[in-house]
Structures are given as structure tokens and as C-alpha cells.
**Student:** 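Quick one: structure below, then a few questions.
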Protein chains: 2
Amino acid sequence: MAEGNTGGESLLFLTDEQLRKGIEAMFFAYRGFTADPDRILETMDYGRAHHRAIHFIHRSPGTTVSNLLTILGVTKQSLNRVLRSLIDDGLVEARVGKSDKRERNLYLTPKGQDLERQLSDAQRARMRAAYRAAGPAAVQGFRTVLEAMMDPEMRRQYQSLREGEK
Amino acid sequence: MAEGNTGGESLLFLTDEQLRKGIEAMFFAYRGFTADPDRILETMDYGRAHHRAIHFIHRSPGTTVSNLLTILGVTKQSLNRVLRSLIDDGLVEARVGKSDKRERNLYLTPKGQDLERQLSDAQRARMRAAYRAAGPAAVQGFRTVLEAMMDPEMRRQYQSLREGEK
DNA sequence: AATTTACGTCAGCCTTGTTGACTTTCCAAG
DNA sequence: CTTGGAAAGTCAACAAGGCTGACGTAAATT
């Protein structure tokens, strides 16, 4: 980490100007981040809300509705509208919980997995290109800052989602 | 770019898993990023759209409506609704263009500047905390990756907005 | 048996995005 | 000087996706 940054670690010069640049970088980058999936989604009858649901169901197959509510941070009425259309269209399957029959365990159907693939391929392609252009050290810094920017509760969600990985 | 990825980090292992982590980091971090201004805005009658307009008017005083349209990427009808409420509430002033009288040059009134301060103070505080926690090298990487993630046109917007700085 | 939890749903509201159509103003080129 | 077209504003209608509140049902928990 001994970067060419003004003598070792030094102090951070956090001028308002620098911070404002960071803020705008987030704004413009997030637009790019969602642009590709958005283009795919709008050809179907879906939006970003469907994408988010699909992403996290793919990510944690068998997750319950209330888990999803916590992660997405929306009301059940709002999620239900989205989930309903995905189930009706045969992209998501909701199985009654085995141990607790009040719960619904959510899974992507093969059709749902197809769409998930399309969407995440597009999003990963952009992320990959950005990572390549920026280099490994930058990637590390990118993730570090983003993690520090999350609300504590969301950081826990983010990190706990990483537990299951190899 | 002399590709600094030769350093101890070796080649980039861009597994789908790593890319997915980056994607989720963006998702959760953006939530944190907007959380503080959102809380302030909801006490008034404003939303994120008002925040964006205020931000970029503050940023480039005297900018025209069509400049703003390009930067924000929305329709004029959508922007107009937001702009109208800001003008009616006395936060924004629209002066008829001096050289071209069809244009409207937009400025924040003192009242508008007050709100801008409030909002950006909140947002900067979080950004500052994240930067401090992550360190200077991480900040550099953060900005580099975000910039690489933008659409080319947005990157130009982002960079041209930086020209005027000292 | 009573209460709580998980989920679904109906109804209605708001913000913020969209199209399409139309007008006014005004610069600039013919 | 006339006219074409750009810039801006406005009206109307609509959709996505947030929200609240109220209510129902089945299952688990106490």
C-alpha cells in the first residue's frame, strides 16, 4: 500500500471539492451500473425492482419473503406486486416452507435463471471492463470505500451474504 | 496507462463471484449514499429529483435548462415539474438569457443555497467518513473504478464539470 | 385458547419517470 | 423581412414503484 501518495500515508486532504467529486462519481457511475440491465428489462415488462428481486433470489435460493424484504428495504406490498408478476410469469417459484409452513421459500425457475443470466452477464461485463481498466489496487480500494459507505445494517447484510462463498 | 497490475497483486482474478460482490457493493453503498439527503428531503416536500437539480445548479450557476436535461438524463416535462416547484418556492431563480433570450439561466437563491448546504453537508459527512476509514490509496482506487464504470458520454460530463476547478 | 408471525391482498396516495401535442419566443438563414 | 427551427414551457394522460392503512388466513408459539 506504499503508494506514491504524498509521503507514505500522510493525511487525507478532504476538501469539499474532493468530496463533491466523489459524490458526482457515485451519481454518474450508478447510472452506468444500471444502464445495461435496464435496457434488457425494458424490452420485457419488467423494471429495476424485478431485477433486484431476481438477483437476490438467485443469490440465496430458498430465501423467504421476509428475508427479501429486509435486504431490499421495501414494503411487503411493494415487493409483493413485483413477486406476483414474476411468479405468474413462471420466473420464480414460491414453495411452502418445510419446517415452517407460513414461510414461502423462493427459487428461480429455469426461465428465471435464464433472465438472471442475461442481466448479470450484462452487468458483470461492465464491471469487468471497469476493473480491468482500473487495475487490482483500484479494485481493492473501490470495494473498501463502498463498504465504508454503507449503513451498518446494510454492511452486515452485505457481509453475511458473503459467508456462504468458497 | 502503464497498467499497474503487475505489482504483487499479479493478474486480476475476475471470477463471477468477485464481480458479483462488486455489484452488490454498488447496490448497498448507493443506498447509504442517498440515505442522509433523503431523510432531510422527506421532511420538506421534496424528493431526490429536487436534490439532483439543486446540486447541479449549485455546481454550475447560470446553467441552462437544456444543459441540466443532458446531465440529469430526464425529459423536460419531468425536469420542469421539479424546477417549477423549486422556483415557486423561491429556491431557484430562472433569469432570461442575456445573449439568447430563449434560454433560462438557473441560479440558487440564498434560500436554495441554504438547502443545498444542508444536503451536501450530510452527504459529504458520510463520504468523508468512508474516505477516512478506507485511506488515501483506497480513495484513489474508488474514483478510478467509478470513472471507468460510467458511460463515455457521462464520463465526459463528469470530467468537464471538473474543468472549472482550481 | 389466545396471541403473534408470515404472508397475501385490497384500496388509495405520491413521486418521478414517460409520450404526445401544442404554443410562445426568438435566433438565424434565406 | 419572412420563415424555419430551436429552446422553453405547458397540458394531459399514463406507468412504475415507492408508501400507508386495513383486513384476512394459516401456522406457530406461548
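The shown structure was predicted, so the numbers you read here are calculated from the model rather than taken from an experiment. To find a chain, count down the sequence lines: A is the first, B the second, and so on, and within it residues start at 1.
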**Student:** Report the distance from atom CG of B/L106 to atom P of D/dA7, rounded to the nearest whole Å.
**Tutor:** 15 Å

**Student:** Is the distance from OP1 or OP2 of C/dG8 to the nearest side-chain N or O of A/R84 less than 4.0 Å?
**Tutor:** no

**Student:** Grab the CZ-C1' distance between A/R48 and D/dA15 for me, whole Å please.
**Tutor:** 15 Å

**Student:** Which is more 5' along DNA chain D, the nucleotide nearest A/Y46 or the one nearest B/V65? Just name the residue.
**Tutor:** B/V65

**Student:** Rounded to whole angstroms, how far apart are CG on A/L83 and P on D/dG17?
**Tutor:** 13 Å

**Student:** Any side-chain N or O of A/R81 below 4.0 angstrom from OP1/OP2 of D/dA16?
**Tutor:** no

**Student:** Return the value, rounded to whole Å, for the distance between atom CG of B/L69 and atom P of D/dA7.
**Tutor:** 11 Å

**Student:** Base of D/dA6, side chain of B/R102 - is there a donor-acceptor contact under 3.5 Å?
**Tutor:** yes

**Student:** How are the rings of A/F142 and A/Y131 set to each other: parallel, tilted or perpendicular (split at 30° and 60°)?
**Tutor:** perpendicular

**Student:** With sequence neighbours excluded, what pairs up with B/E153 under the side chain to side chain donor-acceptor pair (under 3.5 Å) test?
**Tutor:** none

**Student:** From CG of A/L79 over to P of D/dC19, roughly how many Å is that when rounded to an integer?
**Tutor:** 10 Å

**Student:** So B/R124 and B/D36, salt bridge (Lys or Arg N to Asp or Glu O under 4.0 Å) or not? Walk me through it.
**Tutor:** CA-CA 10 Å; B/R124 272 199 303 268; B/D36 303 322; over 6 Å; no

**Student:** From C-beta outward on A/K76, which listed nucleotide comes closest to its side chain: C/dT16, D/dA28, C/dC7?
**Tutor:** C/dC7

**Student:** Does A/Q77 get its side chain close enough to the base of D/dG21, under 3.5 Å, for a donor-acceptor pair?
**Tutor:** yes

**Student:** Once you round it to whole Å, what is the distance between P of D/dC19 and CG of A/L72?
**Tutor:** 10 Å

**Student:** Does A/S66 have a side-chain nitrogen or oxygen under 4.0 Å from the phosphate oxygens OP1 or OP2 of C/dC7?
**Tutor:** yes

**Student:** Contact class for A/K101 vs. all strands (heavy atom < 4.0 Å): base, sugar-phosphate, or nothing?
**Tutor:** sugar-phosphate

**Student:** Is B/N80 near enough to D/dT10 that one of its side-chain N or O atoms lies under 4.0 angstrom from OP1 or OP2?
**Tutor:** yes

**Student:** Atom NZ of A/K98 and atom P of D/dA27: how far apart are they, to the nearest Å?
**Tutor:** 17 Å

**Student:** I'd like to know if the side chain of A/Q157 pairs up with that of B/E24 as donor and acceptor (distance under 3.5 Å, no hydrogens or angles considered).
**Tutor:** no

**Student:** In this structure, which one of B/R155, B/M154, B/M26 forms a side-chain contact (heavy atoms from CB on, under 4.5 Å) with B/M149?
**Tutor:** B/M26

**Student:** Is the phosphate of D/dG18, meaning OP1 or OP2, less than 4.0 Å from a side-chain N or O of A/T75?
**Tutor:** no

**Student:** Please work out if B/S85 contacts a base, only the sugar-phosphate, or nothing of the nucleic acid, heavy-atom cut-off 4.0 Å.
**Tutor:** nothing

**Student:** For the side chain of B/E103, counting heavy atoms from C-beta on, which of C/dT9, C/dT18, D/dA8 is nearest?
**Tutor:** D/dA8

**Student:** Under 4.0 Å from OP1 or OP2 of D/dA16: is there any side-chain N or O of A/H50 that close?
**Tutor:** no

**Student:** Please give, in whole Å, the distance from C/dT5 P to A/N67 CG?
**Tutor:** 16 Å

**Student:** On DNA chain D, check which nucleotide each of B/T64 and A/S78 is closest to and give me the residue with the more 5' one.
**Tutor:** B/T64

**Student:** Determine whether more than 12 heavy atoms belonging to other residues, nucleotides or ligands lie under 6.0 Å from atom CG of B/D88.
**Tutor:** yes

